[in-house]
Chemist: 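If you scroll down you'll find the structure; I have some questions about it.
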Amino acid sequence: MLDVLTQKVHDESRQGEAYAPFINDPAQYQKKFYIESYGCQMNFSDSEIVASILYNTGFGATRNAEEADLVLLNTCSIREKAEQTVRKRLTEFRKIKSAKPGLLVGVLGCMAERIKSKLLEEEQLVDIVVGPDAYRSLPGLIEEAEGGQKAVNVLLSREETYADISPVRLNSNGVSGFVSIMRGCNNMCTFCVVPFTRGRERSRNAFSIIKECRDLFDRGYKEVTLLGQNVDSYYFTPEATDNNAGNGAVTFASLLEMVAQISPLLRVRFSTSHPKDITDDVLYVIKKYENICKYIHLPVQSGSTRILQMMNRTYTREWYMAKIDRIREIIPGCGISSDIIAGFCTETEEDHRDTLSLMEYSGYDLSYMFFYSERPGTLAQRRYKDDIPETVKKRRLQEIVDLQNRLSRQSNEKDLGKIFEVLIEGNSKKSDQDWMGRTSQNKVIVFSKKSAGCNKGDYVKVKVTDCTKATLLGELL
Ligand code: SAM
Ligand code: SF4
């Protein structure tokens, strides 16, 4: 299966992840919920909000679906494969349900709106369907479903940001936390289902974001990642009722600065930037603060201006290249990664070669690579024919992946002999004798623990001694 296949991928490796039970939780819960998350980091972050809502309703978490009273799947619609995976999981849960009739099964997130009637009525796979803006209504919906009715709320909102809900961080490493700063998207890229499943863009109250980041830092976290579909269009105007009103509108550049000022020991990351919206102001703030990581995820999608126009990305190939130049000029050594789609409608071999040459020009450290998957209801589905044969899409994707592997290796080789400040995230996957951490540029680095002197969450200096295409290997100094 050719869908994101290089190095990393954090998100992909977490697909279907289930929550651990609450650690050190004194409460004895009457009921238990089990939740699996799919898709992007926003969805994983949403599951933490859902966990918080359920926690306050008297549910405790379990990692074992068979002992749960409520099973939830937080779903993704971005590509067809993501939806198929969830459907398959739902049929597996139906089997558990037939042995335990009281069990409630619910679908949350992006698939909720798209296929609610199919899931509820035609296939009778689920009892509860809740869209991304309706999680506050979950307790009421559970009650309805317990009474034997099908419970649905897929209304999208123009205001909901869950600003006041403190997410329960169940599966965190205790070092890095994700903080949602906005919801929805107004961009209307023609291939993308997000504006339909997650609704209009809205920015969360800046002061609640700062509070959440400060709380994380006070609890020992050393890194926050600010999340949104298009973080650079973050814009918040304090109301007269806000304690901090009078300071004027908060842009993404000013928000970033406010978070960076919490403590120099708190690293700040963000995702995702849209090339059309990232400003020099943001780049200068990144440069100014040591603790803002020198890493930008700047999805290009295609290297062909003609395809970019059909995708409604609102920039050209040349404009994107100038943005890369600007980043490299203002923040030398900045890590840059991308998302790339192979085989969008009408894509020619020449368009494809444009993508390869733009990747080469940008010298990405990492890319998330996909072949185009037509999504019902999107502008592309209505306007264009999905006319590139699957074999061609996959061959082009493989060429993109091969090139990225070479670029990643080259990028890692350039780091040989250099010394980086690394935040230790925990044991390496392969050995508990080694630490795994990240550089500011978001590269994973593995190094021997040597002495017992350091711990998870520490900043250490590490010299790069070797590398693979995916990982740096180093020596603790
Ligand atoms: N908002 C972010 C942006 O604009 O870069 C990311 C949104 S989406 C969750 C993540 C990536 O999925 C996109 O950047 C795109 O490369 C990919 N994607 C979205 N729709 C797709 C589709 N229909 N087929 C294949 N890949 C798709
Ligand atoms: Fe989708 Fe484009 Fe919005 Fe990203 S910016 S979520 S790709 S519509």
Side-chain angles (χ1 to χ4, degrees), residues 1-6 9-12 15 37-46 74-84 109-111 114 132 180-202 226-234 252 270-278 296-303 307-308 310-315 320 323 336-345 347 355 359 364 366-384 386 388 390 393-394 396-397 400-401 404:
M1 168 55 224
L2 282 175
D3 196 51
V4 185
L5 3 95
T6 193
V9 177
H10 178 129
D11 284 356
E12 291 296 313
Q15 298 304 299
S37 306
Y38 294 85
C40 64
Q41 194 53 56
M42 291 290 293
N43 248 13
F44 283 76
S45 190
D46 274 7
N74 196 351
T75 61
C76 169
S77 287
I78 200 86
R79 284 168 289 278
E80 196 184 349
K81 186 195 160 236
E83 287 198 358
Q84 284 166 354
C110 293
M111 274 171 76
R114 262 187 36 68
S180 168
I181 65 165
M182 58 208 295
R183 298 182 72 81
C185 184
N186 283 354
N187 277 331
M188 289 295 182
C189 300
T190 56
F191 53 80
C192 185
V193 80
V194 168
F196 305 98
T197 58
R198 297 188 78 93
R200 305 287 291 169
E201 178 185 292
R202 63 227 101 115
L226 308 179
L227 288 181
Q229 293 297 351
N230 182 12
V231 288
D232 301 281
S233 68
Y234 177 88
F252 183 59
F270 55 90
S271 185
T272 299
S273 289
H274 194 299
K276 77 176 164 58
D277 290 318
I278 188 164
I296 299 174
H297 183 55
L298 196 72
V300 69
Q301 314 296 359
S302 167
I307 295 290
L308 287 170
M310 286 179 68
M311 289 176 161
N312 193 28
R313 289 292 287 184
T314 72
Y315 51 84
Y320 184 91
K323 196 51 92 178
I336 303 180
S337 60
S338 192
D339 290 349
I340 299 166
I341 299 178
F344 188 63
C345 315
E347 186 186 76
T355 297
M359 288 173 69
Y364 298 126
L366 168 93
S367 288
Y368 302 86
M369 298 156 281
F370 317 97
F371 62 78
Y372 174 58
S373 161
E374 185 179 79
R375 305 312 294 131
T378 55
L379 297 175
Q381 186 255 331
R382 283 182 265 157
R383 283 185 196 162
Y384 313 126
D386 179 13
I388 307 300
E390 195 160 311
K393 284 184 185 175
K394 289 189 173 173
R396 288 182 189 165
L397 178 60
I400 289 170
V401 168
Q404 184 54 57

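Since we're looking at a predicted model, the values are computed, not measured. Start at 1 and go down the list; that is how both ligands and their atoms are numbered. For the single chain, residues carry numbers from 1 onward in sequence order.
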Chemist: Quick check on contacts: which atoms of ligand 1 are under 4.0 angstrom from a heavy atom of Q301?
Modeler: 5 (O), 13 (C), 14 (O), 15 (C), 16 (O)

Chemist: Mind running side chain to side chain donor-acceptor pair (under 3.5 Å) on D46 and N74 for me, showing each step along the way?
Modeler: CA-CA 8 Å; D46 274 7; N74 196 351; 5.1 Å; no

Chemist: Would you mind running through ligand 2 and noting each atom that sits below 4.0 Å from a heavy atom of F191?
Modeler: 7 (S)

Chemist: For the backbone of M310 and the side chain of Y384, can you confirm whether one donor and one acceptor N or O come within less than 3.5 Å of each other?
Modeler: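 Present.
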
Chemist: Suppose we measure from atom 27 (C) of ligand 1 to each protein heavy atom; which comes out shortest, and what is that distance?
Modeler: R79 NH1, 3.5 Å

Chemist: How does Q229 reach ligand 1, if at all, at less than 4.0 Å between non-hydrogen atoms: by side chain, backbone, both, or neither?
Modeler: both

Chemist: Write out the residue and atom name of the closest protein heavy atom to atom 10 (C) of ligand 1, then the distance separating them to 0.1 Å.
Modeler: D339 OD2, 3.7 Å

Chemist: Please write down residue, atom name and distance for the protein heavy atom closest to atom 5 (S) of ligand 2.
Modeler: N187 ND2, 3.3 Å

Chemist: Quick one, H274 and Y315 - any side-chain contact, counting heavy atoms below 4.5 Å?
Modeler: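 H274 reaches Y315 side chain to side chain.
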
Chemist: So which bit of F370 gets within less than 4.0 Å of ligand 1, heavy atoms only: side chain, backbone, both or neither?
Modeler: side chain

Chemist: With heavy atoms of R313 as the reference, note each atom of ligand 1 found under 4.0 Å away.
Modeler: 4 (O)

Chemist: Under a 3.5 Å threshold, yes or no: a donor from one side chain and an acceptor from the other, between D232 and S273?
Modeler: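 Side-chain D/A pair, D232 to S273: present.
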
Chemist: At a 4.0 Å cut-off, with the gap strictly under it, does some heavy atom of K393 reach an atom of ligand 1?
Modeler: no

Chemist: In the protein, what heavy atom is nearest to atom 20 (N) of ligand 1, and what distance, to one decimal place, separates them?
Modeler: F191 CD1, 3.3 Å

Chemist: Got a second to check how far Q301's CD is from T355's OG1, nearest 0.5 Å?
Modeler: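 Between Q301 CD and T355 OG1, I get 10.0 Å after rounding to 0.5 Å.
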
Chemist: Any chance you could measure E201, atom CD, to N187, atom CG, to the nearest 0.5 Å?
Modeler: 7.0 Å

Chemist: Roughly how far, to the nearest 0.5 Å, is the CZ atom of F270 from the OH atom of Y234?
Modeler: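 Result: 15.0 Å between the selected atoms.
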
Chemist: Any idea which protein heavy atom is nearest atom 5 (O) of ligand 1, and the distance to it?
Modeler: P299 CG, 3.0 Å

Chemist: Quick one: nearest non-hydrogen protein atom to atom 9 (C) of ligand 1, plus distance?
Modeler: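 Ranking protein heavy atoms by distance from atom 9 (C) of ligand 1, first comes I78 CD1, 3.7 Å.
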
Chemist: What residue and heavy atom of the protein are closest to atom 25 (C) of ligand 1, and at what distance?
Modeler: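 The answer is F371 O, 3.4 Å.
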
Chemist: Kindly say whether G377 contributes a backbone atom to a donor-acceptor pair with the side chain of Q381 at under 3.5 angstrom?
Modeler: yes

Chemist: Using atom types as modelled and distance alone, determine if a side-chain donor or acceptor of R114 lies under 3.5 Å from a backbone N or O of V193.
Modeler: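 Pair absent, no side-chain N/O of R114 close to backbone of V193.
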
Chemist: Atom 2 (Fe) of ligand 2: which protein heavy atom is closest, and how many Å away?
Modeler: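 Result for atom 2 (Fe) of ligand 2: C189 SG, 2.3 Å.
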
Chemist: Does ligand 1 have an atom that lies less than 4.0 angstrom from a heavy atom of Y368?
Modeler: no

Chemist: Can you tell me which residue and heavy atom of the protein come closest to atom 22 (C) of ligand 1, and the distance to 0.1 Å?
Modeler: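 Looking at atom 22 (C) of ligand 1, the protein heavy atom closest to it is S373 O, 3.6 Å.
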
Chemist: Show the atoms of ligand 1 that are less than 4.0 angstrom away from any heavy atom in R375.
Modeler: 23 (N)

Chemist: Answer yes or no as to whether an N/O/S atom of C185 is found below 2.8 Å from atom 1 (Fe) of ligand 2.
Modeler: no

Chemist: Mind checking whether H297 and D339 have side chains closer than 4.5 Å, heavy atoms only?
Modeler: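 Yes, their side chains come closer than 4.5 Å.
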
Chemist: Are any of the side-chain heavy atoms of E83 and R375 separated by less than 4.5 Å?
Modeler: yes

Chemist: Looking at T190, is its backbone amide N or carbonyl O close enough to the side chain of N312 to form a donor-acceptor pair, meaning the two atoms are under 3.5 Å apart?
Modeler: no

Chemist: Which residue and non-hydrogen atom of the protein lie closest to atom 1 (Fe) of ligand 2, and at what distance in Å?
Modeler: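 Scanning the protein heavy atoms, the shortest distance from atom 1 (Fe) of ligand 2 goes to C192 SG, 2.3 Å.
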
Chemist: Could you tell me whether ligand 1 has any atom less than 4.0 Å away from a heavy atom of T272?
Modeler: yes

Chemist: Looking at P195, which atoms of ligand 2 are within less than 4.0 Å of one of its heavy atoms?
Modeler: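 Heavy-atom distances to P195 below 4.0 Å select 8 (S).
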
Chemist: So does L298 get a backbone contact from the side chain of K323, meaning a donor-acceptor N/O pair under 3.5 Å?
Modeler: no

Chemist: Is it true that R313 lies under 4.0 Å from ligand 2, counting heavy atoms only?
Modeler: yes

